[in-house]
Amino acid sequence: MAESVGERVPGVLLQASRSVCRFLEEVLPTLSASWWADLVVANLSFQQRRAVESRRIAALSGLDLAALLRVLDANWHGIADRLSLPSEARHYLKEMRTVRDRWAHASASEFSPDDVYRDLDTLQRFLVSIGADEELLGEVKRLKGASLAAGGQMSSTPETPAPPLASAFSVGQVVCLRSNPDTTGAVIGIHPGHPEARYSVFQSGTIATYYESQLRAADVAGGLEVISLQEFDAYLSALQIRHPSTSIVYSLNAARIDCVPYQFRPVLKLIRAERPRLLIADGVGVGKTIEAGLVLKELQARTDIQRVLVICSKPLITERKWESEMKRFDERFIPLDGDKLRYCVNETDLDGVWPDQYAKATRR
């Protein structure tokens with residue numbers, strides 16, 4: 001049985017890792033005499049450094065694509081200055097790291113032809129920016145054409161579409177996927193580019209990005225849809241589940257404390273506000289820390305809050321006031337000194353995500 005386009009993508013990504021390896025092998029030695037230690041190992045994650053040490057890796061060829069992309073990202077400014085790379089190449093690198101992570105944690109069967117096409121296009125743009133060989137670029141182009149065909153978008157010359165003179169769609173226009181007309185959404189952003197423009201489309205409560213060849217204008221002349229009373233009741237129930245009531249406090253018994261009624265006023269004000277911002281300016285001893293803890297538990301009950309940073313005066317950290325008070329709410333906060341904060345900022349810049357081990361932290 002012939003392989004599908006999605007099943008061939010991991011092999012292309014493996015070839016891409018070799019291109020990144022060759023690119024870094026040429027440019028990194030020109031930036032530092034001790035480039036392996038200073039520019040490679042020093043910029044790897046903890047797990048990647050441990051793998052390098054345990055496997056005694058001493059060359060870029062021993063690193064996987066994730067590590068190579070991380071090294072390239074960490075040294076981007078020096079490399080870009082040395083080779084005069086265009087600014088948009090950094091965007092392709094960032095998108096490429098996302099593409100690699102997506103394919104590393106999912107099977108080919110989970111990707112639609114539209115997903116495959118977008119990821120291959122990102123890969124093509126990234127490979128062009130680092131000067132990959134024409135053989136690999138040709139293979140990526142062929143796979144892009146095959147993914148278009150698999151999505152019902154056959155084209156006589158899919159590899160070299162003529163650049164549009166103007167945007168085919170406008171902001172606010174309702175569009176649908178060519179491969180699945182039932183998937184509709186509204187255009188909220190236009191991003192001109194070659195070989196074709198991209199569009200940000202609001203659909204099903206999220207924002208997705210598509211290329212112009214993937215979209216067509218949707219037929220919105222069908223009028224209103226008639227549904228049964230049972231379907232409407234189910235829809236209202238789903239809305240209530242998705243958007244918790246502003247008249248119910250979910251953090252009422254969320255802590256091992258004896259609360260007084262006024263300490264819930266900040267919570268009530270927050271959940272009823274159009275913009276969830278709040279300044280608590282009560283006097284000393286009134287219970288601002290408890291009120292902040294109740295706000296935190298209420299937000300956790302309503303949304304998926306994964307990271308919290310508390311900035312307070314030094315005595316509140318050295319005396320461990322915040323740390324001990326938050327234990328009443330079954331929350332563990334870690335104090336951040338200067339080195340740990342710099343580590344978190346650096347990891348966030350490289351990976352785009354605040355380190356999980358410091359997801360809840362305090363800083364003076």
Side-chain angles (χ1 to χ4, degrees), residues 7-106 108 119-120 122-141 143 339 342-353 355-357:
E7 291 171 332
R8 294 161 64 186
V9 171
V12 175
L13 290 176
L14 179 60
Q15 296 179 58
S17 68
R18 296 167 185 157
S19 294
V20 178
C21 180
R22 288 193 293 268
F23 177 78
L24 292 174
E25 285 175 340
E26 293 177 0
V27 68
L28 291 183
T30 67
L31 300 180
S32 172
S34 55
W35 61 273
W36 176 256
D38 298 339
L39 306 182
V40 178
V41 178
N43 288 307
L44 296 176
S45 68
F46 174 77
Q47 291 82 358
Q48 291 167 342
R49 284 197 298 270
R50 187 166 60 180
V52 166
E53 294 170 358
S54 62
R55 300 173 188 173
R56 298 180 180 178
I57 298 174
L60 289 167
S61 58
L63 302 180
D64 61 9
L65 182 57
L68 292 170
L69 293 175
R70 182 185 178 100
V71 170
L72 177 55
D73 195 12
N75 296 286
W76 178 260
H77 296 296
I79 294 174
D81 290 342
R82 170 75 63 172
L83 302 180
S84 300
L85 297 178
S87 58
E88 61 267 20
R90 182 73 183 279
H91 299 298
Y92 302 149
L93 170 58
K94 294 291 188 181
E95 292 180 6
M96 190 60 214
R97 296 188 67 180
T98 303
V99 169
R100 179 270 162 196
D101 292 343
R102 192 159 50 235
W103 283 89
H105 299 97
D119 289 348
L120 286 172
T122 296
L123 175 60
Q124 178 187 352
R125 294 166 187 260
F126 169 71
L127 291 175
V128 170
S129 70
I130 64 171
D133 60 83
E134 290 298 325
E135 182 179 355
L136 177 56
L137 289 173
E139 175 63 15
V140 174
K141 289 180 180 180
L143 289 179
D339 292 337
R342 281 188 289 272
Y343 166 79
C344 290
V345 172
N346 185 51
E347 289 293 300
T348 303
D349 178 59
L350 292 175
D351 287 341
V353 180
D356 287 338
Q357 63 267 41

- prompt: Taking all non-hydrogen atoms of both residues, which atom of Lys94 and which atom of Asp349 are closest, and how far apart?
  reply: NZ-O, 3.3 Å
- request: Evaluate the side-chain proximity of Leu123 to Trp103: yes if any heavy-atom separation is below 4.5 Å, no if none is.
  value: no
message: Could you walk me through whether Phe126 and Val140 satisfy the side chain to side chain contact (heavy atoms under 4.5 Å, CB included) test, starting with their C-alpha distance in whole Å, then the side-chain angles of each, then the deciding distance to 0.1 Å, before giving a yes or no?
response: CA-CA 11 Å; Phe126 169 71; Val140 174; over 6 Å; no
statement: Heavy-atom closest pair (Ser129 atom, Ala89 atom, distance to 0.1 Å) is CB-CB, 3.7 Å
- prompt: Are Trp36 and Ile57 side-chain neighbours, meaning at least one heavy-atom pair lies under 4.5 Å?
  reply: yes
task: Evaluate the criterion side chain to side chain contact (heavy atoms under 4.5 Å, CB included) for residue pair Leu65 and Leu14; output intermediate values, then yes/no.
output: CA-CA 7 Å; Leu65 182 57; Leu14 179 60; over 6 Å; no
field: Interatomic spacing from CD in Glu26 to CG in Leu83 - rounded to 0.5 Å
entry: 9.0 Å
- prompt: So do Ser34 and Leu39 actually touch side chain to side chain, heavy atoms under 4.5 Å?
  reply: no
- prompt: Does the Arg82 side chain pair with the main chain of Val27, one donor and one acceptor, at a distance under 3.5 Å?
  reply: no
Test side chain to side chain contact (heavy atoms under 4.5 Å, CB included) applied to Gln15 and Glu135, step by step: CA-CA 10 Å; Gln15 296 179 58; Glu135 182 179 355; over 6 Å; no
- prompt: So which heavy atom on Arg49 is nearest to which on Ala42, and how close?
  reply: NH1-O, 4.0 Å
field: pair Leu93-Leu69: side-chain heavy atoms closer than 4.5 Å
entry: yes
message: Quick check for you: to the nearest 0.5 Å, what is the distance between Asp119 atom CG and Glu95 atom CD?
response: 9.5 Å
message: Once rounded to the nearest 0.5 Å, what's the spacing between atom CZ of Arg125 and atom OH of Tyr92?
response: 5.0 Å
- prompt: Is the closest side-chain heavy-atom distance between Leu31 and Leu28 below 4.5 Å?
  reply: yes
- line: Rounded to the nearest 0.5 angstrom, the CE-CG distance for Met96 and Asp101 is 9.5 Å
task: To the nearest 0.5 angstrom, please state how far the CG atom of Asp133 sits from the CD atom of Glu139.
output: 11.0 Å
query: Given the rule in the salt bridge (charged side-chain N to carboxylate O under 4.0 Å, His left out) test, do Arg70 and Glu347 qualify, once you have shown the distances and angles that lead to the verdict?
result: CA-CA 10 Å; Arg70 182 185 178 100; Glu347 289 293 300; 2.7 Å; yes
query: Is the shortest heavy-atom distance from the side chain of Asn43 to the side chain of Asp73 under 4.5 Å?
result: no
field: Residue pair Val9, Leu120: steps toward the side chain to side chain contact (heavy atoms under 4.5 Å, CB included) verdict
entry: CA-CA 8 Å; Val9 171; Leu120 286 172; 4.1 Å; yes
Least distance between heavy atoms, Ala16 atom then Leu127 atom: CB-CD2, 4.0 Å
- line: Smallest heavy-atom separation, Tyr343 atom then Pro355 atom, equals CE2-CG, 4.1 Å
message: Can you give me the closest heavy-atom contact between Gln48 and Ser45, atom names plus distance?
response: OE1-N, 3.0 Å
- prompt: Is there side-chain contact between Asn75 and Leu24, with heavy atoms separated by less than 4.5 Å?
  reply: no
field: Side chain proximity check, Leu68 to Phe23, heavy atoms < 4.5 angstrom
entry: no
query: What distance do Gln124 atom CD and Leu136 atom CG have between them, rounded to the nearest 0.5 Å?
result: 10.0 Å
